[in-house]
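Accompanying notes for the structure given below.
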There are 4 protein chains.
Amino acid sequence: MNSRSLGLLRDGGRGNDAAILQAALEAFGAKGFHGASMRDIARGAGTSLSNLYNYFPSKSDVLAELLRMANDELLARITEAVNAAGEEPPDRLSAAVRAHVAFVVDHQIASLVALTEVRYLAGVARTNVVAARDSTQSIYEKIVAAGAASGQFRTPYPDDAARNIVSMCSAISTWYRPGGRLSKRELGEQHARYALALLEAELPG
Amino acid sequence: MNSRSLGLLRDGGRGNDAAILQAALEAFGAKGFHGASMRDIARGAGTSLSNLYNYFPSKSDVLAELLRMANDELLARITEAVNAAGEEPPDRLSAAVRAHVAFVVDHQIASLVALTEVRYLAGVARTNVVAARDSTQSIYEKIVAAGAASGQFRTPYPDDAARNIVSMCSAISTWYRPGGRLSKRELGEQHARYALALLEAELPG
Amino acid sequence: MNSRSLGLLRDGGRGNDAAILQAALEAFGAKGFHGASMRDIARGAGTSLSNLYNYFPSKSDVLAELLRMANDELLARITEAVNAAGEEPPDRLSAAVRAHVAFVVDHQIASLVALTEVRYLAGVARTNVVAARDSTQSIYEKIVAAGAASGQFRTPYPDDAARNIVSMCSAISTWYRPGGRLSKRELGEQHARYALALLEAELPG
Amino acid sequence: MNSRSLGLLRDGGRGNDAAILQAALEAFGAKGFHGASMRDIARGAGTSLSNLYNYFPSKSDVLAELLRMANDELLARITEAVNAAGEEPPDRLSAAVRAHVAFVVDHQIASLVALTEVRYLAGVARTNVVAARDSTQSIYEKIVAAGAASGQFRTPYPDDAARNIVSMCSAISTWYRPGGRLSKRELGEQHARYALALLEAELPG
DNA sequence: AATGAATGAGATTTCATTCAT
DNA sequence: GATGAATGAAATCTCATTCAT
């Protein structure tokens with residue numbers, strides 16, 4: 001078990017699934033969905049290949065469950081942070097970005113997999129995951145729209161700004177390694193400032 | 001052949017390679033490196049499976065060649081644009097971003113593949129591609145450093161800003177569809193402004 | 001439970017076996033012995049996979065029991081009918097065919113499975129089933145021989161006729177659907193006439 | 001190669017398919033469609049497992065091709081025999097049965113597989129095979145109808161007689177072994193007589 | 001009796017690659 | 001250059017069966 005993912009899996013795992021999902025996460029993170037085999041996952045989970053199918057009907061379902069959990073948790077964290085942040089759009093935006101960055105740092109592999117492997121989902125699973133992702137982005141969009149309306153965000157391009165902020169936060173999962181130059185908190189502060197600057201908000205200092 | 005990719009492939013192809021590379025590009029773009037098969041590529045290129053091996057020694061080499069060409073072209077375009085932009089860091093940065101966005105729009109699939117499939121390269125091929133990518137990012141870093149030194153970019157975090165600007169530009173490849181709301185030029189303007197704002201530069205208007 | 005099979009299973013089942021055997025019958029009928037899985041049977045019987053093994057030591061044993069029951073019942077019905085039919089070979093033959101047809105109609109799926117899946121039995125189970133089948137055919141053969149000896153059946157090929165009569169009756173299981181053009185009784189009359197005609201017996205009308 | 005099947009496969013095989021089809025025929029005949037594995041077929045054909053897929057896209061397609069060939073050949077033989085038999089229904093019926101029996105004897109395994117494994121086909125393949133089978137039966141039905149109309153067949157049940165005649169001929173594949181008591185020709189004569197008797201035709205002798 | 005978890009063997013199919021022509 | 005045939009390895013998934021509870 002990888003401590004960086006523990007919380008995510010404790011939430012969603014209903015017992016033995018956890019080991020499988022954790023192994024799948026690591027396999028998909030290291031080799032991608034198609035590059036990782038069910039054998040890899042079984043090996044990582046310390047069980048037999050065929051036993052995987054007592055828990056998940058297919059490899060795709062494993063990925064789907066993983067992404068569902070990751071997106072749900074991200075959405076929950078951002079929602080909670082924004083709700084606790086008061087009414088001012090800049091405060092709300094900062095809170096969202098800080099929560100977002102913290103999630104990516106806490107669940108780096110899950111974030112990476114969610115970013116890069118959605119495309120291999122099909123059908124309902126894909127629809128659901130995309131919907132959850134859209135919900136997250138829509139939180140940003142509402143904050144940006146409010147700040148644009150109030151004149152606190154002066155960017156001439158408020159409509160597309162949210163997408164770029166999400167991109168910046170998600171991209172952290174592609175390069176972040178624990179023990180880097182900046183702490184989780186510092187990374188959050190930094191990206192909150194980048195986001196506010198991008199929106200052309202009034203900045204301290 | 002897809003006109004969006006023509007330039008890229010005409011530059012690098014030594015004749016018949018072009019059809020194979022173009023087919024590989026589409027296959028990797030649609031299904032990912034491991035999801036696309038050599039058979040897919042052969043079918044797309046209108047040739048036989050075994051004939052592919054007269055042009056490329058392995059599937060990995062096809063990907064390597066594709067990424068080499070894409071990164072070289074991107075690097076060339078940005079270098080040229082920056083050199084033509086005069087001495088002022090804000091001008092140079094705008095030029096870089098505009099060229100970058102134009103490249104992503106012109107070669108969307110290649111940009112996407114370059115973004116998402118590098119991880120499946122190994123050995124020298126990977127080293128080379130990563131080096132080219134680093135060269136590109138380093139152009140941004142130098143401009144940012146110059147602007148920070150001159151006081152034109154007032155962000156307290158100049159060291160990590162370049163990476164975020166590159167992320168924003170690259171991310172366009174993940175959602176852009178031709179015929180969207182903004183033209184290629186508008187998209188370039190928009191992202192140039194986002195970049196300058198993020199750097200906390202003086203902005204017009 | 002399928003009413004067409006109830007009698008068959010009530011006779012042989014020692015309680016809970018019935019549901020399993022009935023489910024197996026339907027599964028084997030629909031997908032064949034190798035095409036149907038123990039999981040299919042468990043699902044159909046409304047029990048767990050592993051519980052099947054409390055009733056039958058193996059999948060083959062399920063089939064063996066099914067065929068044993070079907071052949072025993074057929075043999076019993078024909079024997080009884082023939083015994084009640086008096087001494088005249090034509091009467092005895094008609095009675096056998098009518099009973100045979102009635103059995104096939106009453107237990108269509110069981111008849112079909114008995115016809116097509118015997119080949120997947122091995123060892124004693126196969127031997128027993130084949131013996132029961134031979135007993136049935138031998139009843140026909142004795143009647144035919146008696147009628148040939150008495151001059152009532154004038155076919156020049158009495159020795160192989162019984163097999164063909166059995167074939168005709170068995171084949172009903174491959175096409176019969178309840179609610180067809182002819183009733184069970186009419187089907188029996190029809191086939192009795194076909195059989196007597198084939199034997200070149202004197203026919204009414 | 002099994003000489004009993006040579007003709008059938010020489011007709012339809014376009015080169016290397018023949019060995020695969022012959023091996024498949026023997027495997028399906030011995031173990032049934034689901035009981036025989038692609039490995040069995042590869043072994044029988046003296047090639048590798050994966051090479052099978054250069055000839056047939058799936059196991060089902062192998063079966064489909066086999067049944068198509070068998071039914072086409074049977075239909076062709078019966079058609080030809082009937083056409084050569086003149087106008088009299090009894091003559092035409094005898095010719096059909098003799099040709100039918102000869103085919104079953106010549107291609108016993110193919111006949112058996114065609115009889116017992118059609119059910120494992122699906123989609124168009126099944127539709128086509130069933131159509132070919134219906135064509136064959138319809139030849140018998142037309143002859144029977146003509147003979148009934150002319151008064152030469154006096155059975156009160158002409159409508160269902162054809163099916164029973166076909167059943168009798170097909171059933172030969174389930175028990176016939178070369179070198180049996182009766183020669184191919186004798187078996188044909190015998191079954192022609194059975195068929196005419198069943199139809200209550202005027203019989204010699 | 002009944003169950004859920006587990007497993008080794010094996011199923012079909014696809015893969016990247018090679019080779020003779 | 002180009003092809004068709006071939007192959008070993010590996011992919012996903014299913015199977016009948018066992019075992020601890």
Side-chain angles (χ1 to χ4, degrees), chain A residues 15-17 19-20 31 33-42 45-62, chain B residues 14-17 19-20 31 33-42 45-63, chain C residues 14-17 19-20 31 33-42 45-63, chain D residues 15-17 19-20 31 33-42 45-62:
Chain A
N16 214 339
D17 305 20
I20 295 172
K31 306 182 169 187
F33 178 69
H34 279 124
S37 74
M38 289 297 265
R39 247 190 190 87
D40 290 334
I41 297 174
T47 184
S48 72
L49 175 57
S50 51
N51 195 29
L52 297 185
Y53 291 87
N54 290 325
Y55 292 86
F56 298 94
S58 78
K59 191 182 170 187
S60 289
D61 285 277
V62 180
Chain B
R14 292 173 311 280
N16 214 340
D17 305 21
I20 295 173
K31 305 180 167 188
F33 177 70
H34 278 121
S37 72
M38 290 296 265
R39 270 179 174 87
D40 290 333
I41 297 173
T47 185
S48 72
L49 174 59
S50 45
N51 196 29
L52 298 184
Y53 291 86
N54 289 321
Y55 291 87
F56 299 95
S58 80
K59 189 183 171 187
S60 288
D61 286 278
V62 180
L63 178 62
Chain C
R14 294 173 311 278
N16 214 340
D17 304 23
I20 294 173
K31 306 181 166 187
F33 177 69
H34 278 122
S37 72
M38 289 297 264
R39 271 181 174 85
D40 290 334
I41 298 173
T47 184
S48 72
L49 174 58
S50 44
N51 195 30
L52 298 184
Y53 291 86
N54 289 321
Y55 291 86
F56 298 95
S58 79
K59 190 183 171 188
S60 290
D61 287 280
V62 179
L63 178 62
Chain D
N16 213 339
D17 305 21
I20 294 173
K31 306 181 169 189
F33 178 70
H34 279 125
S37 73
M38 288 298 265
R39 245 188 193 90
D40 290 334
I41 297 174
T47 185
S48 71
L49 175 56
S50 50
N51 196 31
L52 296 184
Y53 290 86
N54 290 325
Y55 293 87
F56 298 95
S58 77
K59 190 182 171 187
S60 289
D61 285 277
V62 179

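Proteins come first, then strands; the chains are lettered A, B, ... in the order of their sequence lines, and each starts at number 1.
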* To do: Confirm from the modelled atom types if A:N54 and E:dA5 form a donor-acceptor pair under 3.5 Å, side chain to base only.
  => no

* No-H, no-angle donor-acceptor pair, A:N51 side chain to E:dA5 base, under 3.5 Å -> no

* Asked: In chain order, what residues pass the side chain to side chain contact (heavy atoms under 4.5 Å, CB included) check against A:S60, with sequence neighbours excluded?
  -> A:F33, A:S58

* Set of residues satisfying side chain to side chain contact (heavy atoms under 4.5 Å, CB included) with respect to A:N54, sequence neighbours excluded -> A:N51, C:R39

Closest heavy-atom pair and its distance - [X], [Y]:
| X | Y | value |
| --- | --- | --- |
| A:L49 | A:M38 | CD1-CB, 3.6 Å |
| C:G35 | C:D40 | O-OD2, 4.1 Å |
| C:K31 | D:H34 | O-ND1, 4.0 Å |
| D:I20 | D:A45 | CA-CB, 3.9 Å |

If I take atom [atom1] in residue [X] and atom [atom2] in nucleotide [N], what distance separates them, rounded to the nearest angstrom?
| X | N | atom1 | atom2 | answer |
| --- | --- | --- | --- | --- |
| A:D61 | F:dC13 | CG | P | 9 Å |
| D:F56 | E:dT13 | CZ | C1' | 16 Å |
| B:D17 | F:dA2 | CG | C1' | 15 Å |

* Structure fact -> In DNA chain F, consecutive runs of at least three Watson-Crick or G-U pairs below 3.5 Å, as range with range, amount to E:2-21 with F:2-21

* Asked: Is A:Y55 near enough to E:dG4 that one of its side-chain N or O atoms lies under 4.0 angstrom from OP1 or OP2?
  -> no

* Hey, is the side chain of A:T47 poking within less than 4.0 Å of OP1 or OP2 on E:dT7, counting only N and O atoms? -> yes

* Could you run down nucleotides 14-21 of chain F 5' to 3' and tag each one B, S or - for protein heavy-atom contact under 4.0 Å? -> BBBBBB--

* Tell me, with the steps shown, if C:D17 and C:F56 meet side-chain contact (heavy atoms from CB on, under 4.5 Å). => CA-CA 9 Å; C:D17 304 23; C:F56 298 95; 4.3 Å; yes

* Residue list, side-chain hydrogen bond (donor to acceptor under 3.5 Å, both in side chains) with C:S48, at least two apart or on another chain -> none

